[in-house]
Amino acid sequence: MNLEELNQIADAVRAENGKYDYAVNVCQGTGCLAQHADQIQAAIGASAAAAGKNVQVRRVGCLGFCAAGPLAQLEPEGHLLKGLSVARADEVVSSLGGSPPPGLQCELSELVEKQVQVVLENSGKIDPEKIDEYIERDGYQGLVKALTELRPVDVVQQITESGLRGRGGGGYPTGLKWGMVAKAAPGQKYVICNGDEGDPGAFMDRSVLESDPQRVIEGMAIAAYAVGASKGYIYVRAEYPLAVSRLTSGLREARRRGFLGNNICGTPFDFDIEIRIGAGAFVCGEETALIASIEGLRGVPRVRPPYPASAGLWGKPTLINNVETFANVPPILRKGGAWFAKVGTAKSKGTKVFALSGKIRNTALIEVPMGITLREIVEGIGGGVPEGHSFKAVQTGGPSGGCIPAELMDIEVSYESLIQAGSMMGSGGMIVMDDSSCMVNVAKFFMEFCMTESCGKCIPCRAGTVQMFELLAKICEGRATMDDLDLLIDLCSTVKEASLCGLGQTAPNPVLSTLRYFKQEYIEHIQNKRCPAGVCTIKHEEVPA
Amino acid sequence: MSKLKVATVWLDGCSGCHMSFLDLDERLLELAEKIEIVYSPLVDRKDYPDEVDLALVEGAVASVDDEAKIRKIRAHTKFLIAMGDCAVTGNVPSMRNPIGPEAILDRAYKENATAQQQIPTLVVPRLLRTVRPIHEHVKVDLHLPGCPPSADTFYAVLSALLAGETPDVSALTRFGA
Amino acid sequence: MSAATEIKTLIIDGKDVSARPEQTVLEVARENGIEIPTLCHLDGLTDVGACRLCLIEIKGQTKLQPACVTRVEEGMEVQSDSERLRKHRRTIIELLFAERNHICSVCVANGNCELQSLSQELGVTHVRLPYRNPELTVDASHERFTCDHNRCILCTRCVRVCAEIEGAHVWDVMGRGAGCRVITDLAQPWGESSCTRCGKCVQVCPTGALYEKGKVGIERPKHPEFLPYLNLMREAQ
């Protein structure tokens, strides 16, 4: 395979697409499929055939505006339709070429305007199971370029220059990590893609895997070439069956086109990928636990150092990156690291995908440039909180993150500023809260999550999260004293500083950040036995009969 | 100089701590010059005095009666010592916590009773759902673990307190000692 | 012995010490009479860094590191004892006591328990956290030994000694978080498991969780010190 052959494939796809007058791209992401998007697609196809219109009805990945699904995009006009149903298929078909049926069109202005799509550039535009459609949109040019024009060290250089940082949450410079693995002792090395997305309210990686699996495969292959690995693993959670099935067919397609296997693109580079399915443990998103899980061991983290870059899977140097990180790689190789670095802030480059959910009008999968303010995301793209409520806080970083209050809404989204605000970038869950959310209850929710997901290996996390959860429950029920609050704060410091892995070390963050900005709510529960948001049920002492 | 008013209290425990206290033997005479026992299972006084300087409380809080007592004691005591493991940790009385009070009452008053198999509702105070150490109910000023703390421990702790010093409890005793 | 072993020098608690490059901070500290508390560590077994008692401060790092798995480095400055570390260590001991039913006074290991003696060394005179009092079982199905989950602190010494030294791998851990417990084989009763009855797990157990029937109490201390000697003799073969 070379660039010329890629162009031939792309031309063939364009020729096929050009045969139609119209296209209806029906979203087949998990959210829309749950509302029978497959049946809707079939109905539209049947309706078009009956109407004798020359319509290409396609399956595409996530169209982003998940709360309004099932969704479809009409071409060439570009209208986005929401709330589709089988019953309205005829209407959709007959409206083609004119204005969309009443009530079905999405108001997109701000939702689209502020977004910059790099990772999601193909999401909702291509059939995720057709590799040729990916190629038509410049897919695999990055890999071909890397293999035929660049040395591995040049590839690492491109990534370093791009300023890309780990999108799983930690924000470790990707180029640095690649360089470490590349420089590790030669021999067997591995590349692992971490698709064990487990944060409550997060669905970025799932959408990428479902909508554009080839992008992740290409990113991994480029990484493997850069670091000298010949074997890759994609670790996906079992709760994502659609992602697994699209990856499975994606790997098959990639092998068929010769992007995986031996002598890729006619070079001596060999690389193949295997899927490993998680068994439901959140902690397996932690890299050392994930590696243990792939090895067939109990999914518990181990102490680092040594880091996987020097001793990872089966003790071999291993590159482990998140889905979104790999998804950023193909365009960086295609367009150059400098191009990528143009977007973003001084230390946080490029874009970030967020799953926007909670008390917000537009629940959506969005991709925004680093440096955008939280206000632009929540009020602009998200459309603000529902009518009659006032915005209170936004939770980022999942159970490891924190709540950022309304008065800090103008801070920019970057790794540093979010940490400074007491939260973190995390993998991209963004949960919006309004005045009907109780912050103590929110902290309790995340603590319960950490408690049930603790692996049990180290004591501070295993036993500490249980005690912190009980204290939070006590506060929510109005049974706590100010001494309990002091004890909670004291436990936070031990669990944070003494836990073995990131899960425990960050478990106190939701408590610490809500205490930092909403301490009065805690005190209100404790001293006045009342929940200001009206969420918690205060238990009153039993009156003896 | 007036003598220090000392109370000793017996909640849910085996009285072993009191026995160990009596093992001070002749040193009791020395202490008696500095302290006055104003309330104790060992002296004849029914109600807790209004002003007590120091209370040694043995036993865990296991019943509504214990709970009322410990609140009253705390309110009228300057310095409260949790004496022995039951008071400090719950110890043996707390071993019923995982199975609940009903199972205990059934075993004591029904399964093992040969006559009148019924759980008393009068006279015997109602059991709390779980047996807790004293500090989970009221503030405790000094914890003295041990099952029981030895007479030497009592002597060292009381001597230090009488001299206005803070005793190093961990140098003297531990859980289960 | 290799000809060129590069000896490292470092400072632990203000004391200049030397070490071989493969040594851990814990090893070197103990060689020099600096006592760092541990529970999951045992000489002769692989370290897992799980109990977090041996956390130390290293100059130039904000994160605390477990001494048992931290290799020495040239010029390293280690603080093994500080108010911050003592506070965390005491809290860890309290978390352990509150987690299960550790009733020292009636425990078979009373007087021979590492958890008990550590609580005294670290000045834990009471547990500020509410006792959880979980309902746990006692497995007395084995003809010689008993496993009392009430006293288990999940240090996994039994798991490691069985897998690494005895080579039987009868013990393992099941469950997650507070629901973890040590199991024999696939959670079968110990007496029906593939146990070789060597008793090593009993000797290494720091508490009264594993004990030999009829041999309990202060007069019957455990002897985990056989491990380093056993390893040495094996290597010599």
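Residue numbering restarts at 1 for every chain, and letters A, B, ... go by the order of the sequence lines. Quick caveat, the model's predicted, so the values are computed rather than measured.
- Close approach to chain A, defined as a heavy atom under 4.5 Å from one of its heavy atoms, is seen in C:Ala50, C:Cys51, C:Arg52, C:Leu55, C:Lys63, C:Leu64, C:Gln65, C:Pro66 of residues 50-67 of chain C, taken by number.
- At a heavy-atom cut-off of under 4.5 Å, chain A is reached by no residue from residues 155-165 of chain C.
- Within the 4.5 Å cutoff, no side-chain heavy atoms of A:Lys457 are placed close to those of C:Cys180.
- For residues 121-138 of chain C, the interface with chain A (any heavy-atom pair closer than 4.5 Å) comprises C:Arg128, C:Leu129, C:Pro130, C:Arg132, sorted by residue number.
- Note that CZ of C:Arg176 is 12.0 Å distant from CE of A:Met451, once rounded to the nearest 0.5 Å.
- Sparse packing is recorded around NZ of A:Lys316, with 12 or fewer heavy atoms of other residues, nucleotides or ligands lying under 6.0 Å away.
- Your options are C:Ile92, C:Thr70, C:Asp47, C:Leu85, and the one with the most heavy-atom pairs under 4.5 Å with chain A is C:Ile92.
- Ranked by heavy-atom pairs under 4.5 Å with chain A, the first of C:Leu39, C:Asp172, C:Val48, C:Leu95 is C:Leu95.
- Ranked by heavy-atom pairs under 4.5 Å with chain A, the first of C:Ile153, C:Leu96, C:Val173, C:Val69 is C:Val173.
- Of all the listed residues (A:Thr465, A:Val495, A:Val466, A:Val300), the one sharing the greatest number of non-hydrogen pairs under 4.5 Å with chain C is A:Val466.
- Counting non-hydrogen atoms of neighbouring residues, nucleotides and ligands closer than 6.0 angstrom, the CG atom of C:Leu186 reaches no more than 12 such neighbours.
- For a residue to count as touching a neighbouring chain, one of its non-hydrogen atoms must lie under 4.5 Å from one of that chain's; by this rule A:Leu487 touches chain C with the side chain only.
- Along residues 276-289 of chain A, the residues that come nearer than 4.5 angstrom to chain C, judged on non-hydrogen atoms, are A:Gly280, A:Ala281, A:Phe282 in order of number.
- Among A:Ser499, A:Cys461, A:Pro305, the residue with the largest count of heavy-atom pairs under 4.5 Å with chain C is A:Ser499.
- Only the side chain of A:Gln467 comes within contact range of chain C, with at least one heavy atom under 4.5 Å from a heavy atom of that chain.
- In this structure, the portion of A:Arg298 lying under 4.5 Å from any heavy atom of chain C is its side chain and not its backbone.
- In the displayed structure, A:Glu416 atom CD is contacted under 6.0 Å by more than 12 heavy atoms of other residues, nucleotides or ligands.
- Between the OG1 atom in C:Thr91 and the CD atom in A:Glu497 there is a gap of 10.5 Å [rounded to 0.5 Å].
- If you measure heavy-atom distances from C:Arg89 to chain A, you find no contacts under 4.5 Å at all.
- Looking at C:Leu154 and A:Arg462, their side chains come closer than 4.5 Å, going by heavy atoms from C-beta outward.
- Under a 3.5 Å cut-off, the side chain of C:Lys87 and the backbone N or O of A:Asp490 do form a donor-acceptor pair.
- Taken from OG1 in A:Thr494 to CZ in C:Arg84, the straight-line distance is 10.5 Å, to the nearest 0.5 Å.
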